[in-house]
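Here is the structure we will look at.
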2 protein chains.
Amino acid sequence: MSAAKDRLRLWLRLLKVVRGMEQEVREKLRREHNTTLPRFDVMSALSRHPEGLKMSQLSGVLRVSNGNVTGIADRLSDEGLVERTPVPGDRRAIILRLTPAGQKEFARQAQAHENWIDKMLAGVSPADARAMAEGLQAFATAAEFEKEETANAQ
Amino acid sequence: MSAAKDRLRLWLRLLKVVRGMEQEVREKLRREHNTTLPRFDVMSALSRHPEGLKMSQLSGVLRVSNGNVTGIADRLSDEGLVERTPVPGDRRAIILRLTPAGQKEFARQAQAHENWIDKMLAGVSPADARAMAEGLQAFATAAEFEKEETANAQ
DNA sequence: CAAAAATATTTTAAGGTTGAAGGAAAGTGA
DNA sequence: TCACTTTCCTTCAACCTTAAAATATTTTTG
């Protein structure tokens with residue numbers, strides 16, 4: 001019966017560490033790049049899909065609600081970092097993609113982000129990092145956090 | 001140089017797993033207990049301090065902003081789950097504590113929460129859970145996510 | 001003691017988040 | 001064709017979150 005307590009304690013520690021690191025990333029994004037983690041996540045997803053993503057694909061990839069992405073896209077669009085273009089043949093849909101300015105800006109942010117994480121996890125050896133990442137991958141797959149990555153034909 | 005990439009990958013996996021589990025907890029709290037994770041967190045902190053906590057202590061423990069706790073306390077208070085009482089000798093401060101109804105309600109939620117986590121982490125043996133929790137603790141301490149737990153004299 | 005500084009909390013503005021509702025367009029099927 | 005359903009996106013109300021400003025009170029200091 002103490003198994004449940006052991007697992008709960010693991011979860012609480014996990015949550016504390018991840019939240020702590022996440023908060024640090026949010027803070028740095030805000031102060032050093034005048035942006036937010038959700039905006040960074042959207043731009044990151046778009047940078048992995050240079051051809052752009054439909055709004056619904058984007059919310060699928062990020063696992064957030066549709067309305068959420070609408071607001072973030074609005075603001076990024078106001079700043080000229082992303083652009084909405086119509087989808088030929090489907091007047092309901094819209095493709096969101098990084099503008100050249102957005103690509104450039106994201107490249108800077110992503111490099112800084114990688115450096116932050118590298119420093120925060122400096123206490124973890126590369127070999128350990130690989131091992132843990134693999135273990136987490138196995139766990140995630142087993143627990144089916146993966147689901148389908150919306151592997152839709154665009 | 002690939003060390004940074006290895007650590008970044010670890011971070012992204014960690015984030016995916018923790019976010020996935022957290023989202024599941026939020027969903028269950030909402031659907032089965034008509035509450036939210038922030039509310040649960042506040043009640044959890046208060047349940048560990050039956051004598052109550054000052055607003056500033058609470059935001060310190062939870063590592064959130066002052067204003068944040070104000071709003072959550074407002075809503076919990078509206079439902080009669082927590083109560084605000086003045087601090088004798090300091091008319092600026094306020095002590096927040098669970099009402100009897102709040103204690104009862106939180107006990108139910110906490111039991112359900114423990115069961116959810118136990119199921120989600122069923123693939124992790126109790127021994128592994130203990131080992132990982134200890135490793136995370138060491139990491140957190142080294143990375144000083146602990147800081148002071150506001151170990152104030154009330 | 002009175003002015004200044006520090007402390008405790010709330011309010012506010014801006015953004016993030018969700019589920020549900022709404023509007024437009026596309027697809028289905030009789 | 002024309003109703004019905006589905007899909008795509010936005011809007012909306014409610015809540016969470018923060019940093020900064022505003023209030024009220026206490027403490028410090030000259």
Side-chain angles (χ1 to χ4, degrees), chain A residues 19 22-43 52-79 81-82 84-96 150 152-154, chain B residues 19 22-43 52-79 81-82 84-96 150 152-154:
Chain A
R19 279 183 178 173
E22 194 174 327
Q23 201 129 349
E24 203 168 323
V25 169
R26 284 180 198 272
E27 170 102 353
K28 284 177 185 293
L29 281 174
R30 184 178 64 78
R31 297 213 311 214
E32 299 174 22
H33 294 271
N34 194 36
T35 190
T36 66
L37 189 51
R39 287 164 53 118
F40 180 81
D41 285 342
V42 164
M43 293 182 75
L53 287 171
K54 291 195 296 184
M55 294 297 278
S56 50
Q57 293 179 308
L58 191 49
S59 60
V61 168
L62 298 177
R63 299 191 196 293
V64 298
S65 67
N66 278 352
N68 187 359
V69 177
T70 296
I72 297 172
D74 283 348
R75 288 179 282 273
L76 287 175
S77 177
D78 286 346
E79 296 179 25
L81 298 172
V82 305
R84 286 187 238 237
T85 63
V87 175
D90 188 342
R91 287 187 301 172
R92 295 167 304 180
I94 273 183
I95 289 222
L96 200 69
T150 323
N152 30 30
Q154 60 150 1
Chain B
R19 279 183 177 173
E22 194 174 327
Q23 201 130 351
E24 203 167 324
V25 169
R26 284 179 197 272
E27 168 103 355
K28 283 178 186 295
L29 281 174
R30 185 179 63 79
R31 297 213 311 217
E32 298 174 24
H33 294 271
N34 194 38
T35 190
T36 66
L37 189 49
R39 288 164 52 118
F40 180 81
D41 286 342
V42 164
M43 294 183 74
L53 287 172
K54 290 196 298 185
M55 294 298 278
S56 50
Q57 292 180 309
L58 190 50
S59 60
V61 168
L62 298 177
R63 299 189 196 293
V64 299
S65 67
N66 279 352
N68 186 359
V69 176
T70 296
I72 297 173
D74 283 348
R75 289 179 282 275
L76 288 174
S77 177
D78 286 347
E79 295 178 26
L81 298 171
V82 304
R84 285 187 239 236
T85 64
V87 175
D90 189 341
R91 286 187 302 174
R92 295 167 304 180
I94 274 182
I95 288 221
L96 200 70
T150 321
N152 29 32
Q154 63 153 357

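Only this structure's heavy atoms are used, side chains among them; waters, hydrogens and symmetry mates stay out. Per chain, numbering begins at 1; letters A, B, ... match sequence-line order.
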To the nearest 0.5 Å, what is the distance between [atom1] ([X]) and [atom2] ([Y])?
X	Y	atom1	atom2	result
T85(A)	L96(A)	OG1	CG	8.5 Å
S77(B)	I72(B)	OG	CD1	13.0 Å
R39(B)	L81(B)	CZ	CG	6.5 Å

Are any of the side-chain heavy atoms of T70(A) and M55(A) separated by less than 4.5 Å? yes
Using heavy atoms to find the nearest nucleotide of DNA chain D for Q23(A) and D74(A) separately, return the residue whose nucleotide is more 5′. D74(A)
Nearest heavy atom decides the nucleotide; on that basis, is R91(B) or V69(A) closer to the 5' end of DNA chain D? V69(A)
Distances for protein N or O near nucleotides 12-16 of chain D N or O, under 3.5 Å:
from: dC16(D); atom 1: OP1; to: T36(B); atom 2: OG1; distance (Å): 2.9
from: dC16(D); atom 1: OP2; to: R75(B); atom 2: NE; distance (Å): 2.4
from: dC16(D); atom 1: OP2; to: R75(B); atom 2: NH2; distance (Å): 2.2

Residues passing the side chain to side chain contact (heavy atoms under 4.5 Å, CB included) test with S65(A), sequence neighbours excluded, are N68(A)
When all nucleic acid strands are considered with a 4.0 Å heavy-atom cut-off, which category describes V64(B): base, sugar-phosphate, or nothing? sugar-phosphate
Under a 4.0 Å heavy-atom criterion, DNA chain C is touched by chain B from dT7(C) to dG19(C)
Quiz: residues 86-95 of chain B side-chain donor-acceptor pairs under 3.5 angstrom, not counting sequence neighbours:
from: D90(B); atom 1: OD1; to: R92(B); atom 2: N; distance (Å): 3.0
from: D90(B); atom 1: OD1; to: R92(B); atom 2: NE; distance (Å): 3.1
from: D90(B); atom 1: OD2; to: R92(B); atom 2: NH2; distance (Å): 2.9

Closest heavy-atom pair, S59(A) versus V69(A), reported as atoms and distance to 0.1 Å, is CB-CG2, 3.6 Å
Throw together a table of side-chain donor-acceptor distances under 3.5 angstrom for residues 26-34 of chain B, partners on residues two or more places apart or in other chains.
from: R26(B); atom 1: NH2; to: E22(B); atom 2: OE2; distance (Å): 2.7
from: E27(B); atom 1: OE2; to: R31(B); atom 2: NH1; distance (Å): 2.8

Assess whether salt bridge (Lys or Arg N to Asp or Glu O under 4.0 Å) is satisfied between D41(A) and R19(B), documenting all intermediate values. CA-CA 13 Å; D41(A) 285 342; R19(B) 279 183 177 173; 3.5 Å; yes
Rounded off to whole Å, could you give me the CD-to-C1' distance for the E27(A) and dT18(D) pair? 10 Å
For nucleotides 4-9 of chain D, give me one character per nucleotide, 5' to 3': B if any protein heavy atom sits under 4.0 Å from the base, S if the only such contacts are to the sugar-phosphate, - if neither. ---BSB
